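Written below as structure tokens is the structure these notes are about.
Not measured: the values here are computed from a predicted model. Every chain is numbered from 1 and lettered A, B, ... according to where its sequence line falls, protein lines coming before strand lines.
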2 protein chains.
Amino acid sequence: MSKNVDIKRAKILEVAKRRFAHFGMAKTTMAEIAKDLSFSKALLYYYFPDKHSLYTAVLEYVINEMINKVDTYMANASDVEHAILFAIESRMETMRENYNLFEYSSSLFMQNPGELGKNLGPFFDRVRDQFSRILAIGVNNKEIVVDDVEETAELLLFSLMGMRTGVLSKDLSDCLFPTPGEFDLILSKQKRMVKIFIRGLRP
Amino acid sequence: MSKNVDIKRAKILEVAKRRFAHFGMAKTTMAEIAKDLSFSKALLYYYFPDKHSLYTAVLEYVINEMINKVDTYMANASDVEHAILFAIESRMETMRENYNLFEYSSSLFMQNPGELGKNLGPFFDRVRDQFSRILAIGVNNKEIVVDDVEETAELLLFSLMGMRTGVLSKDLSDCLFPTPGEFDLILSKQKRMVKIFIRGLRP
DNA sequence: TTTTTGAACTTTTAAAAGAATTAGTCAATA
DNA sequence: TATTGACTAATTCTTTTAAAAGTTCAAAAA
């Protein structure tokens with residue numbers, strides 16, 4: 001039966017997530033994860049073909065949680081602006097809790113964004129699709145007017161990314177590690193950004 | 001008299017600019033610049049204390065040109081939207097023409113944004129100030145309503161930066177070198193972004 | 001006094017080699 | 001089918017060394 005396999009896989013993901021979120025991809029070894037689970041390294045490779053697959057699986061796991069959380073909120077959301085504000089707050093919270101998990105992706109992106117497109121691209125797309133859905137609701141409610149919803153969602157997402165890189169470039173921090181204070185600053189700028197952006201889409 | 005010194009400095013800047021814009025900071029040696037000017041390397045150090053100062057001076061020179069160009073346009077600009085669109089087009093043109101000049105800054109930023117803050121920060125501030133001035137004109141003309149002009153200008157600038165990093169992360173290129181096609185894509189996204197943003201500031 | 005230079009000096013970068021760590025494989029086993 | 005210890009292969013880290021490039025300076029030329 002594949003039930004046991006799934007359970008074991010989930011167990012591995014849980015443990016790997018802790019390691020990755022704490023120490024990041026580079027500073028986590030397969031041996032350590034195996035030791036945490038108190039079984040051999042070879043068994044890890046029985047359940048996941050390689051380290052990268054494991055990392056990607058953890059990433060997907062975390063992003064799924066995030067997206068589902070926002071989706072459930074959307075079910076009884078009043079208006080677009082609040083929905084998007086909730087979405088970016090959730091996103092920030094997830095990044096804060098699992099920072100080193102994402103740090104690897106973004107540092108990988110720095111060096112070679114092309115490669116990352118294949119790895120992280122799908123996840124980006126899913127977040128963008130969620131933004132599209134939120135905007136679509138707003139269009140339905142006659143709150144906003146948008147000709148190309150997907151493209152506009154991407155525009156919004158890119159802008160939000162800009163707040164992040166913008167804040168990190170101005171502050172004197174060591175780049176890839178936003179301090180708690182920086183997280184707050186980024187989020188506050190993103191909120192103001194969203195308000196202007198949504199207002200710009202109003203009829 | 002310091003007239004001759006200034007003339008010589010300008011000559012050096014002109015030659016250095018060509019080198020930096022073509023081959024970038026890393027792939028340009030002081031010896032090469034000196035050779036281009038057909039005088040000794042030591043004389044370069046008589047006019048500029050070190051390579052970094054020379055690079056910074058060139059950067060300032062180029063950015064001055066850009067800012068002045070936009071300022072003269074602003075003198076007889078009709079409305080905010082057109083002024084900003086003109087500004088981002090000029091900016092893109094300058095970056096296209098001197099790409100390797102800026103490439104050094106942005107690659108430096110990747111590794112250690114803190115350091116860059118001291119070096120490139122002032123230039124960023126000047127561009128942001130220009131954006132502030134443009135927005136202020138719009139506020140004066142009752143075209144838009146903005147409570148904190150400087151902050152809003154920064155928001156806009158960060159968003160525009162986001163278009164750049166966003167496009168570069170999705171495309172499969174080798175990061176730091178946008179192809180001509182990517183330049184166009186970035187610019188078109190920035191334009192759409194600006195229109196929404198400005199609309200969001202309208203009364 | 002100001003401008004210019006050749007030659008030295010110092011610091012960075014690049015390449016090579018070697019050691020150590022870690023990813024990934026496989027035959028054997030329970 | 002699930003599990004392992006022992007093996008191999010790839011990667012990263014460190015050290016070393018040589019070359020290149022940045023920087024300084026005493027002295028000459030203007």
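In this structure, A:Tyr99 and A:Phe183 have perpendicular ring planes: the angle between them is above 60°, well past the 30° mark. Using a 30° and 60° split on the angle between ring planes, A:Tyr73 and A:Phe86 fall in the parallel class, below 30°.
Contacts of A:Ser53 with the nucleic acid, taken as non-hydrogen atoms under 4.0 Å apart, are absent. At the heavy-atom level, B:Phe48 lies nowhere under 4.0 Å from the strands shown. Nucleic acid contact for B:Thr29: sugar-phosphate only, since backbone atoms but no base atoms lie under 4.0 Å from a heavy atom of the residue.
For the atom pair B:Lys69 NZ and B:Ile67 CD1, the distance stands at 13.0 Å (nearest 0.5 Å).
Between the CD atom of B:Glu32 and the C1' atom of D:dA20 there is a distance of 11 Å, given to the nearest Å. B:Ile12 places its CD1 atom 12 Å from the C1' atom of C:dT4, with the value rounded to the nearest Å. One interatomic measurement links the two molecules: NZ of A:Lys51 to P of D:dT11, which rounds to 13 Å at whole-angstrom precision. Atom pair B:Met30:CE and C:dA7:C1' shows a separation of 18 Å (rounding to whole Å applied). In this structure, the CG atom of A:Asn4 is 14 Å from the C1' atom of D:dT3, given to the nearest Å. Put simply, CG on B:Asp50 is 13 Å from C1' on C:dT11, counting in whole angstrom units. What separates NZ of A:Lys11 from C1' of D:dA2 is a distance of 18 Å, to the nearest Å. Rounded to a whole Å, the OH atom of A:Tyr55 is 17 Å from the C1' atom of C:dA23.
When the nearest nucleotides of DNA chain D are assigned to A:Leu43 and B:Ala26 by heavy-atom distance, the more 5′-ward of the two goes with A:Leu43.
An OP1 or OP2 oxygen of C:dT3 is reached within less than 4.0 angstrom by no side-chain nitrogen or oxygen of B:Tyr47. Considering only side-chain N and O atoms, A:Tyr45 lies under 4.0 angstrom from the phosphate OP1 or OP2 of C:dG24. Between B:Tyr46 and the phosphate of C:dT3, there is a side-chain N or O to OP1/OP2 separation shorter than 4.0 Å. Within the 4.0 Å cut-off from OP1 or OP2 of C:dT25, not a single side-chain nitrogen or oxygen of A:Lys41 is found.
Judged purely by distance below 3.5 Å, without hydrogens or angles, the side chains of B:Asp50 and B:Ser53 pair a donor atom with an acceptor atom.
B:Arg199 and B:Glu81 are not joined by a salt bridge, as no carboxylate oxygen comes within less than 4.0 angstrom of a charged side-chain nitrogen.
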